[in-house]
There are 2 protein chains.
Amino acid sequence: MSAHDKKLAYVEQVGLYFEGVGLTRVAGRVIGWLLVCDPPHQQQAELVEALGASKSSISVALKDLTGLYLVERFSRPGDRRTYYRTAKDMWSRSFRARMHQLAELRQLAERGLSLLDGEAEVDRKRLLFMRDMNAFMEERFPALLDEWDAIKTAKGYDEL
Amino acid sequence: MSAHDKKLAYVEQVGLYFEGVGLTRVAGRVIGWLLVCDPPHQQQAELVEALGASKSSISVALKDLTGLYLVERFSRPGDRRTYYRTAKDMWSRSFRARMHQLAELRQLAERGLSLLDGEAEVDRKRLLFMRDMNAFMEERFPALLDEWDAIKTAKGYDEL
DNA sequence: CGGTTTGTTCGGTATTGACCGAACAAACGA
DNA sequence: TCGTTTGTTCGGTCAATACCGAACAAACCG
C-alpha cells in the first residue's frame with residue numbers, strides 16, 4: 001500500500017469519527033486530509049482531487065467547517081487562490097462546544113426543577129443532582145483550558 | 001397549559017438535546033420523561049401512554065438506554081412487572097464516554113503521526129498538538145470526576 | 001471582449017434509519 | 001388450558017439529508 005493510500009485509509013477513520021460527532025462524512029474527510037496532507041494547506045481543487053468528492057460537496061463542507069472555525073481560509077499575497085488549513089484553535093474550540101453542552105444540560109435541569117416545584121424533595125433529587133454535577137463541570141472546565149494554554153506555550157505550540 | 005402539558009413540552013426539549021448527541025428522539029423523550037415523571041419510575045406501558053409513542057419504539061429505546069446504562073431496569077418483590085428509571089450514575093457514565101472520545105482523538109493523532117514519520121517537524125506540529133492536548137485532557141478528567149464524587153457525597157447525593 | 005480558473009447554488013437521487021403497526025413470544029392467573 | 005398481561009421482533013413506510021452533476025456566477029488574463 002502506497003503512502004498516499006495509507007493517508008486515504010487514515011482519512012476514512014477521521015471521517016468516520018467526525019461523522020460520529022455530528023459533521024458530515026465529507027467534512028470529516030476534509031479534516032482528516034488537512035491533518036496529514038503535504039503541504040498542510042490545500043485549495044478546494046486539491047481536496048476534490050485527493051478525496052474523490054465532488055466540487056460541490058467540498059465547497060459545502062468547507063463552508064460548514066469554516067463556519068465552525070474548525071478550518072480556516074488562508075491566502076497569500078500575489079496569489080488569488082484561497083487555501084484552507086485546520087484552524088489553529090480548532091481543539092480548544094471543540095472544548096468550548098463541550099462546555100456549552102454542559103450549560104445546556106444544567107439549564108434543562110433547572111427547567112425541570114421548576115416543573116417539579118413543590119413536589120417531594122426525593123422526587124426532585126434526580127434533577128438537583130443533574131444540575132449540580134453539570135454546574136460543577138461547567139465551572140471547572142475553563143481552568144483546565146487555562147492550564148492547557150500554559151502548557152501549550154511552554155511546549156512551543158504558540159505559533160499553531 | 002396544564003402541568004402535564006408543560007412536562008410534555010419539557011420532554012420535547014430534552015428529546016431534542018439527546019437526539020443532538022446521538023440518541024434517537026424517542027430515547028431522548030424517555031429520558032426527559034423519566035426526569036420529571038411522578039413517580040420517578042415507570043413501566044413501559046406508562047411510557048407509551050405518556051409519550052404517545054408505540055410500544056415497539058419504547059421497547060427499542062429502553063433496550064438502547066439500558067444498554068448505555070443511562071436507564072436501569074428495576075423490579076419489586078411480589079410484582080412481576082418491570083420498571084425503568086434514570087440510572088443513578090448516568091451522568092458520570094456520560095462523562096466517561098466523553099473521556100473515551102478524547103482517547104479516540106489522541107489515538108487518531110498518533111496514527112497520523114506515524115504516517116508523517118520522517119516528514120518535517122513543522123508539518124507534524126498540527127498532529128503533535130492534537131495528540132498532546134487530548135492526552136492532557138484525558139489525564140485530567142478522572143481527577144475532575146473524583147473531585148465531583150467527593151462533593152456528591154458531601155451533598156448527600158450518595159443514595160442516588 | 002472571449003476563455004480560463006475558481007467557487008457557489010440548485011435540483012434530483014439515493015441511502016439511511018427512526019418509527020409504527022402487527023405478528024409473535026413468554027409468563028402468569030383463573 | 002385458555003385468556004390476559006407484558007414485552008420483543010419484523011416488515012414496511014416515511015422523512016431527513018448527504019452527496020453529486022450541472023448550471024450559474026465572478027474574477028482574472030490573454
Side-chain angles (χ1 to χ4, degrees), chain A residues 8 11-34 37 39 41-68 70-85, chain B residues 8 11-12 14-34 39 41-68 70-85:
Chain A
L8 287 182
V11 161
E12 288 308 305
Q13 293 191 16
V14 179
L16 288 173
Y17 173 85
F18 280 99
E19 188 179 22
V21 299
L23 299 180
T24 68
R25 191 174 302 185
V26 170
R29 287 192 185 111
V30 167
I31 293 180
W33 181 253
L34 289 177
C37 59
H41 50 87
Q42 302 269 289
Q43 41 177 319
Q44 292 206 13
E46 292 173 317
L47 291 167
V48 167
E49 163 68 18
L51 300 179
S54 72
K55 257 199 318 180
S56 54
S57 298
I58 296 297
S59 175
V60 170
L62 286 173
K63 187 174 178 181
D64 292 348
L65 290 170
T66 52
L68 293 168
L70 297 180
V71 165
E72 59 190 11
R73 289 156 55 86
F74 166 62
S75 67
R76 316 188 67 159
D79 183 345
R80 64 194 174 87
R81 284 174 302 186
T82 306
Y83 298 89
Y84 295 87
R85 62 183 170 204
Chain B
L8 287 182
V11 161
E12 288 307 305
V14 179
L16 288 173
Y17 173 85
F18 281 100
E19 188 179 22
V21 297
L23 298 181
T24 68
R25 192 174 300 185
V26 169
R29 287 193 185 111
V30 167
I31 293 179
W33 182 252
L34 289 178
H41 50 86
Q42 302 269 290
Q43 41 177 316
Q44 292 206 12
E46 291 172 317
L47 291 166
V48 168
E49 163 68 18
L51 300 178
S54 71
K55 258 200 317 180
S56 54
S57 297
I58 296 297
S59 175
V60 169
L62 287 173
K63 188 175 176 180
D64 292 348
L65 290 170
T66 52
L68 293 168
L70 297 179
V71 165
E72 58 189 12
R73 289 157 54 86
F74 165 63
S75 67
R76 316 187 68 158
D79 182 346
R80 63 193 175 89
R81 284 175 300 186
T82 305
Y83 298 90
Y84 295 86
R85 62 184 171 204

Is it the case that the side chains of Y84(A) and R73(A) hold a donor-acceptor pair, with the cut-off being a distance below 3.5 Å and no angle test?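 Yes.
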Let me confirm one number: the OG1-CD distance from T82(B) to Q43(B), rounded to the nearest 0.5 Å.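 Result: 8.5 Å between the selected atoms.
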Candidates V11(B), L23(B), I58(B), L70(B) - the one meeting side-chain contact (heavy atoms from CB on, under 4.5 Å) with V30(B):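 That would be I58(B).
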Would R85(A) and E72(A) count as a side chain to side chain contact (heavy atoms under 4.5 Å, CB included) if you check the C-alpha gap in whole Å, the side-chain angles of each, and the deciding distance to 0.1 Å? CA-CA 6 Å; R85(A) 62 183 170 204; E72(A) 59 190 11; 2.9 Å; yes
Please report, rounded to the nearest Å, how far the [atom2] atom of [N] is from the [atom1] atom of [X].
{"X": "D79(A)", "N": "dT5(C)", "atom1": "CG", "atom2": "P", "value": "14 Å"}
{"X": "L62(B)", "N": "dA18(C)", "atom1": "CG", "atom2": "C1'", "value": "15 Å"}
{"X": "L65(B)", "N": "dA18(C)", "atom1": "CG", "atom2": "P", "value": "12 Å"}
{"X": "K55(A)", "N": "dT4(C)", "atom1": "NZ", "atom2": "C1'", "value": "12 Å"}

Could you list where the contact with chain A starts and ends along DNA chain D, reading 5' to 3', using a 4.0 Å heavy-atom cut-off?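 So the outermost contacting nucleotides come out as dA18(D) to dC28(D).
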Could you name each residue pair satisfying salt bridge (Lys or Arg N to Asp or Glu O under 4.0 Å) that touches residues 16-32 of chain B, not counting sequence neighbours?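 Pairs touching residues 16-32 of chain B that pass the test: E12(B)-R29(B), E19(B)-R25(B).
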Give one of base, sugar-phosphate or nothing for T24(A), where a contact means two heavy atoms less than 4.0 Å apart.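 Since only primed, P, OP1 and OP2 atoms lie under 4.0 Å of T24(A), the category is sugar-phosphate.
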Pick base, sugar-phosphate or nothing for K63(A), based on heavy-atom distances below 4.0 Å to the nucleic acid.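 K63(A): backbone/sugar contact only, no base atoms under 4.0 Å.
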Exercise answer: donor-acceptor pairs, residues 59-68 of chain A side-chain atoms, under 3.5 Å, sequence neighbours excluded:
unit_1, atom_1, unit_2, atom_2, d
T66(A), OG1, L62(A), O, 2.8
T66(A), OG1, K63(A), O, 3.1

For DNA chain C, whose closest nucleotide is more 5', that of R81(A) or that of S57(A)?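 Comparing both residues, the 5'-ward one is R81(A).
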Between R73(B) and A27(A), name the one whose nearest nucleotide on DNA chain D is closer to the 5' end.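 In this pair, the answer is R73(B).
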